[in-house]
Amino acid sequence: MNLVDLWLTRSLSMCLLLQSFVLMILCFHSASMCPKGCLCSHSGGLNVSCSNANLKEIPRDIPPETVLLYLDSNQITSIPNEIFKDLHQLKVLNLSKNAIEFIDEHSFKGVAESLQTLDLSDNQIVSVHENAFNNLKARTRIANNPWHCDCTLQQVLRSMASNHETASNVICKTAVLDEHAGRAFLTNANDADLCNLPKRTTDYAMLVTMFGWFTMVISYVVYYVRQNQEDARRHLEYLKSLPSRQKKPDEADDISTVV
């Protein structure tokens, strides 16, 4: 019994030691996978916090199992295409308080279906690609950006699930119509269909051009007719001013003799 108890005690100790070793390896692995300047923790999944890390670009070594990713309060200026394509478990993405100016077509490729919250507020975003938010189901915050309100932005917001709430927080710094600048996008969207403005402008331009040509043709015809009338009148007056030809006496006598 003593030998059995001793063997069990040693086996239990070995198991505990092995378990501690495995946990240590896992912890070391997680720490080594954490992007430089960021903090990683496990709470309902891997949380990666890179807030206030003086980042100028999005790290490319973000662990694929990341669930929450905080990149706020940095100096990030762009979101490269497919930068998040391997983060299929990502639910929360915070990119607020950066210097992002444009959202490209494939910026959120790979995470559009899984994302639940996307924060792009307090950036320098002026416009987005018309397909930037395709299939995006996340609750999106895009307030406090210097938006240029045009047809593309109108189409993008209409395609988003949280259209009403998102659009109501968008203020147009500039717009295709000057009177829309400084107003909420939602108000502008109800006032006019911005996608029809170029077509209407083209139609008006064509109409004005056609009217101009028509006026020129009519003016030329009127001028031509009047000019011909004036020439005809002068010619007639000239003919009237010519002396009529009278027969000479000798010619009259010759004619009488012949008869």
Side-chain angles (χ1 to χ4, degrees), residues 21-148 152-153 156-157 159-162 165-166 169-170:
F21 181 72
V22 171
L23 288 174
M24 184 177 65
I25 291 177
L26 290 176
C27 291
F28 178 77
H29 177 73
S30 297
S32 64
M33 290 293 291
C34 197
K36 184 179 179 180
C38 304
L39 298 175
C40 296
S41 61
H42 287 270
S43 178
L46 180 60
N47 301 340
V48 179
S49 177
C50 304
S51 304
N52 292 295
N54 294 319
L55 298 177
K56 295 184 178 180
E57 61 182 20
I58 298 174
R60 295 185 176 273
D61 55 347
I62 300 172
E65 65 271 21
T66 301
V67 176
L68 277 69
L69 178 58
Y70 295 93
L71 294 165
D72 55 295
S73 303
N74 284 290
Q75 303 169 29
I76 298 171
T77 58
S78 64
I79 306 176
N81 280 330
E82 302 185 5
I83 188 69
F84 304 117
K85 66 177 182 178
D86 297 323
L87 308 183
H88 302 299
Q89 301 179 43
L90 192 63
K91 295 181 179 180
V92 176
L93 175 59
N94 190 338
L95 283 161
S96 65
K97 299 178 181 179
N98 278 285
I100 300 168
E101 298 179 359
F102 180 75
I103 307 296
D104 216 333
E105 181 176 7
H106 300 298
S107 294
F108 302 108
K109 184 176 181 180
V111 297
E113 295 289 340
S114 63
L115 267 184
Q116 297 177 1
T117 301
L118 173 63
D119 195 343
L120 293 166
S121 60
D122 298 288
N123 275 280
Q124 298 298 319
I125 304 173
V126 175
S127 61
V128 298
H129 190 279
E130 60 183 353
N131 298 323
F133 296 139
N134 274 8
N135 303 318
L136 190 67
K137 300 178 181 179
R139 182 178 179 181
T140 307
R141 301 186 183 97
I142 56 177
N144 298 327
N145 283 288
W147 290 105
H148 175 70
T152 300
L153 182 61
V156 167
L157 294 182
S159 68
M160 296 174 66
S162 56
E165 180 182 355
T166 302
N169 292 323
V170 174

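In this chain, numbering begins with 1 at the start of the sequence shown.
For the residue pair D119 and S121, the shortest heavy atom distance occurs at OD1-OG, 2.6 Å. Contact between A138 and L118 at its shortest, heavy atoms only, is CB-N, 4.1 Å. When every heavy atom of Q75 is checked against every heavy atom of N98, the shortest pair comes out as N-OD1, 3.4 Å. Smallest separation of non-hydrogen atoms from I58 and I62: CG2-CD1, 4.2 Å. Between P146 and N123, the shortest heavy-atom distance links the atoms CD-O, 3.7 Å. The minimum heavy-atom distance between S114 and L90, with the atom names listed, is OG-O, 2.8 Å.
With contacts defined as side-chain heavy-atom distances shorter than 4.5 Å, the pair H148/L153 does not qualify. The closest side-chain heavy-atom distance from R141 to T117 is below 4.5 Å. Here the side chains of L95 and I79 are in contact, with some heavy-atom distance below 4.5 Å. In this structure, the side chains of I100 and S78 stay at 4.5 Å or more apart for every pair of heavy atoms. Side chains of Y70 and L39 form no contact here, defined as non-hydrogen atoms less than 4.5 Å apart. Between F84 and L115 the shortest side-chain heavy-atom distance does not fall below 4.5 Å.
The CG atom of L157 sits 8.0 Å away from the CZ atom of F133 when rounded to the nearest 0.5 Å. Residue S49 holds its OG atom at 9.5 Å from CG of N94, rounded to the nearest 0.5 Å. With rounding to the nearest 0.5 Å, the separation of CD in E113 from NE2 in H88 is 12.0 Å.
Counting only residues at least two apart or on different chains, no side chain to side chain donor-acceptor pair (under 3.5 Å) pair has a member in residues 54-63.
Side-chain contact check for S96 and D122: no donor-acceptor pair (N or O, by modelled atom type) lies under 3.5 Å.
Using a distance-only test at 3.5 Å, with no hydrogens or angles considered, a donor-acceptor pair links the side chain of N74 to the main chain of C50.
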